[in-house]
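In the text below, chain A, chain B and the rest are named by the order of the sequence lines, each starting its count at 1. Computed from heavy atoms alone, side chains included, the values below leave out hydrogens, waters and symmetry copies.
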Amino acid sequence: MAKTPYEQTAIKNINIEIKHGEFVGIIGHTGSGKSTLLQHLNGLLKPTTGLVTVDGQDINLKGTEAQKAKRKVGMVFQYPEHQLFEETVYDDIAFGPRNMGIGEEEVAARVRKAMDFVGLGFDEFAQRTPFQLSGGQMRRVAIGGVIALEPAYLILDEPSAGLDPRGRDEIFGQIIKMYKNTGITVVLVSHNMEDVARMANRLIVMHNGEISLDGSPIEIFRDCQTQLEAAGVNVPPLTLLMNKLKQSGLAVDHTVVTMDAAVESVVTAIRRS
Amino acid sequence: MEKFITVKDMCYSYVAYDGNPIIALDNINLSIYRGEFVAIIGANGCGKSTLAKHLNALLIPSSGQCLVNGLDTTDPENIWAVRQVVGMVFQNPDNQIVATVVEEDVAFGPENLGVEPSEISTRVTEALHVVGMEDYRYHSPHLLSGGQKQRVAIAGVLAMESSCLVLDEPTAMLDPKGRQEVLSTVCQLHQDKKITVVYITHFMEEAVVADRVIVMNSGQVVMEGAPAQIFSQVQRLKELGLDVPVAAEMAYCLRQHNINIPVDIITDEELVVAVCP
């Protein structure tokens with residue numbers, strides 16, 4: 001909508017470099033530009049000005065090199081189950097690889113591997129229609145479809161949205177397993193501060209279309225609470241509790257991110273006083 | 001307190017894709033009292049949405065009974081009366097907007113009830129005011145944020161002068177700010193207008209504000225009580241695959257370390273008072 005009365009700047013002054021093997025969390029209020037930013041990472045959106053490169057290749061040029069670079073980036077949208085369309089789970093997961101021109105034998109191997117990875121038994125689920133699965137199962141089929149592309153970079157937009165605690169643990173367990181085993185680079189957009197604190201080794205906070213903070217999650221949660229609140233996001237509930245305890249005079253370490261570490265810190269502080 | 005909804009020996013089952021019957025609700029017995037704020041929690045698939053849909057006759061029991069304000073939901077003559085008294089707000093803000101202008105969406109319910117046009121206009125004004133959306137009366141709903149859309153959906157129920165609001169994970173698709181908006185709107189309605197609220201959620205910070213919490217698992221009610229009673233049962237809730245407020249979990253762990261913390265602590269503030277000298 002550029003050059004019309006409806007023109008809006010969605011994101012600006014974005015300068016970031018995501019390194020191989022990083023696990024980046026992106027948080028920000030609704031309308032902060034996170035989804036817009038994400039969609040630039042695999043060429044769904046082209047920048048109005050500026051450049052997006054993957055492994056040094058500008059992905060917005062024409063030609064096979066740019067195509068190849070774009071394919072290295074796998075994207076899982078929010079509510080990925082909404083993008084299922086094939087008649088069987090197998091065919092839905094196979095769609096991506098088949099479109100890449102991969103032979104059926106290799107496609108079959110990738111589908112098996114992907115289904116195994118997301119915890120859907122091949123024999124039980126391969127020939128079922130995706131639309132009669134539970135929501136959580138459908139989500140796993142959709143993620144399987146992206147994994148079957150074997151991307152070097154995995155981008156996920158709110159992968160735990162709408163899931164209960166068990167479902168959330170499963171999905172994040174799978175993402176962490178993949179991260180640890182394959183060295184894939186992960187970029188995760190989430191509202192769930194606890195998940196980001198637990199998994200990401202780098203945190204980017206977006207606010208009004210710009211990057212407000214960029215650094216280690218622990219440092220940001222520890223030192224930048226005011227900025228986080230200004231950006232419309234909050235620290236994890238555990239960090240909030242630890243901050244309150246500290247402010248009330250208990251000598252606790254408020255930078256801890258797990259319950260076990262927090263309990264230890266509180267117990268030590270209580271016994272000392 | 002007066003009983004508003006009574007569910008007696010209620011079962012609901014349906015046939016799955018493979019031809020086998022699934023028992024979604026297994027012998028449910030519960031009462032919702034007029035003016036109560038009841039939260040229902042449980043893992044995905046436990047039957048909470050199925051139960052919610054029985055409360056305004058979207059679903060009819062396979063056996064047993066659901067009485068809403070004395071009306072039996074299995075009697076087709078009662079359906080419109082039941083749905084006027086109990087309104088529902090669902091999870092997806094986009095799936096429940098039907099009009100292209102906010103005020104028309106809010107007016108949709110009363111129009112269908114045959115309310116007089118002048119009366120509809122008054123109700124729409126009042127409903128939008130109560131949810132804090134009067135400035136958006138002439139806006140397009142699709143341009144609103146998720147939280148705003150859900151508030152419009154709530155206004156739509158208020159315009160029907162329902163005395164009970166059933167919300168099925170109304171904040172699941174919203175960001176923290178949107179969640180806060182919806183929860184405070186509902187709390188305010190409950191306090192100021194004495195509306196009976198049945199609130200299904202996964203977010204513990206929402207369930208703790210309820211008068212009573214019902215926990216479901218595999219189609220059954222497995223726990224029931226005040227938030228302090230329920231959330232202090234940390235082990236049990238974790239076994240059921242549920243979250244616990246961080247303060248409750250911390251209190252539980254501290255007790256495991258032989259630190260004396262009262263059993264009914266579930267909020268940050270209570271824990272701070274208990275722990276800090």
Side-chain angles (χ1 to χ4, degrees), chain A residues 27-32 34 78-79 82 128-129 131-137 158 160-170 190-194 229 232-234 236-252 259-260 262-271 273, chain B residues 16-18 41-46 48-49 91-92 94 144-148 169 171-180 201-205 234 237-238 240-261 267-269 271-277:
Chain A
I27 56 178
H29 61 83
T30 305
S32 60
K34 342 181 262 302
Q78 208 173 137
Y79 295 92
H82 292 171
R128 283 189 45 190
T129 161
F131 304 101
Q132 279 169 350
L133 301 178
S134 74
Q137 289 166 334
E158 301 268 10
S160 68
L163 295 181
D164 66 353
R166 203 170 261 158
R168 217 170 57 221
D169 286 343
E170 274 171 20
S190 182
H191 284 310
N192 192 322
M193 300 298 112
E194 296 161 280
E229 272 165 39
V233 295
N234 36 21
L238 183 61
T239 309
L240 272 177
L241 173 58
M242 296 300 274
N243 282 339
K244 287 175 191 169
L245 289 170
K246 195 175 176 84
Q247 275 157 23
S248 299
L250 199 61
V252 292
M259 180 56 76
D260 288 340
V263 171
E264 222 182 277
S265 173
V266 173
V267 168
T268 314
I270 290 177
R271 291 200 173 130
S273 68
Chain B
Y17 81 97
D18 56 4
I41 63 176
N44 280 355
C46 71
K48 26 187 221 301
S49 290
Q91 192 182 122
N92 189 336
D94 290 322
L144 302 176
S145 74
Q148 290 172 325
E169 297 195 44
T171 60
M173 292 173 76
L174 306 182
D175 68 349
K177 183 158 175 270
R179 288 207 289 268
Q180 186 46 38
T201 184
H202 282 309
F203 296 111
M204 296 306 115
E205 64 268 25
V234 175
L237 290 171
K238 292 222 169 216
L240 293 168
L242 299 177
D243 264 343
V244 184
V246 286
E249 190 171 355
M250 169 81 69
Y252 171 81
C253 294
L254 292 176
R255 284 194 289 272
Q256 304 296 99
H257 282 84
N258 292 319
I259 302 206
N260 194 11
I261 308 281
T267 68
D268 289 2
E269 286 66 33
L271 185 63
V272 168
V273 164
V275 154
C276 298

**OP:** Side chain from CB out, backbone as N, CA, C, O: work out which of these in Glu205(B) comes under 4.5 Å of a heavy atom of chain A, or both, or neither.
**Re:** neither
Subject >> Separation of Leu250(A) CG from Leu271(B) CG (nearest 0.5 Å) >> reply: 9.5 Å
**OP:** Calculate, to the nearest 0.5 Å, the distance between atoms CD and NE2 belonging to Glu264(A) and His257(B) respectively.
**Re:** 7.0 Å
**OP:** Kindly write out the residues that satisfy salt bridge (Lys or Arg N to Asp or Glu O under 4.0 Å) with Asp94(B), not counting sequence neighbours, or none if the list is empty.
**Re:** Lys149(B)
Subject >> Leu241(A) portion near chain B, given a 4.5 angstrom heavy-atom threshold >> reply: both
Original post:
Gly178(B), Ala172(B), Gly241(B): which one forms the most heavy-atom pairs within less than 4.5 Å of chain A?
Top reply: Gly241(B)
**OP:** Can you measure from CG (Asp169(A)) to CG (Asp243(B)) and round to the nearest 0.5 angstrom?
**Re:** 8.0 Å
**OP:** Can you measure from CZ (Arg168(A)) to CG (Asn44(B)) and round to the nearest 0.5 angstrom?
**Re:** 11.0 Å
Subject >> Contacting moiety of Leu237(B), where chain A heavy atoms sit under 4.5 Å >> reply: neither
**OP:** Kindly check if the number of other-residue, nucleotide or ligand heavy atoms within 6.0 Å of NZ (Lys246(A)) is above 12?
**Re:** yes
Original post:
NE2 of His82(A) to CG of Asn92(B): how many Å apart, nearest 0.5 Å?
Top reply: 6.5 Å
Original post:
Top residue by heavy-atom pair count (under 4.5 Å) with chain B, among Lys244(A), Gln132(A), Gln78(A)?
Top reply: Lys244(A)
**OP:** For Glu170(A), enumerate each residue passing the salt bridge (Lys or Arg N to Asp or Glu O under 4.0 Å) test, keeping only those at least two apart in sequence or located in another chain.
**Re:** Arg140(A)
Subject >> Side-chain heavy atoms of Glu158(A) within contact of Met173(B), under 4.5 Å >> reply: no
Original post:
What's the spacing between Leu240(B) CG and Arg166(A) CZ if we round to 0.5 Å?
Top reply: 7.5 Å
Original post:
Any idea which heavy atoms bring Pro237(A) and Val246(B) closest together, and the distance?
Top reply: O-CG2, 3.8 Å
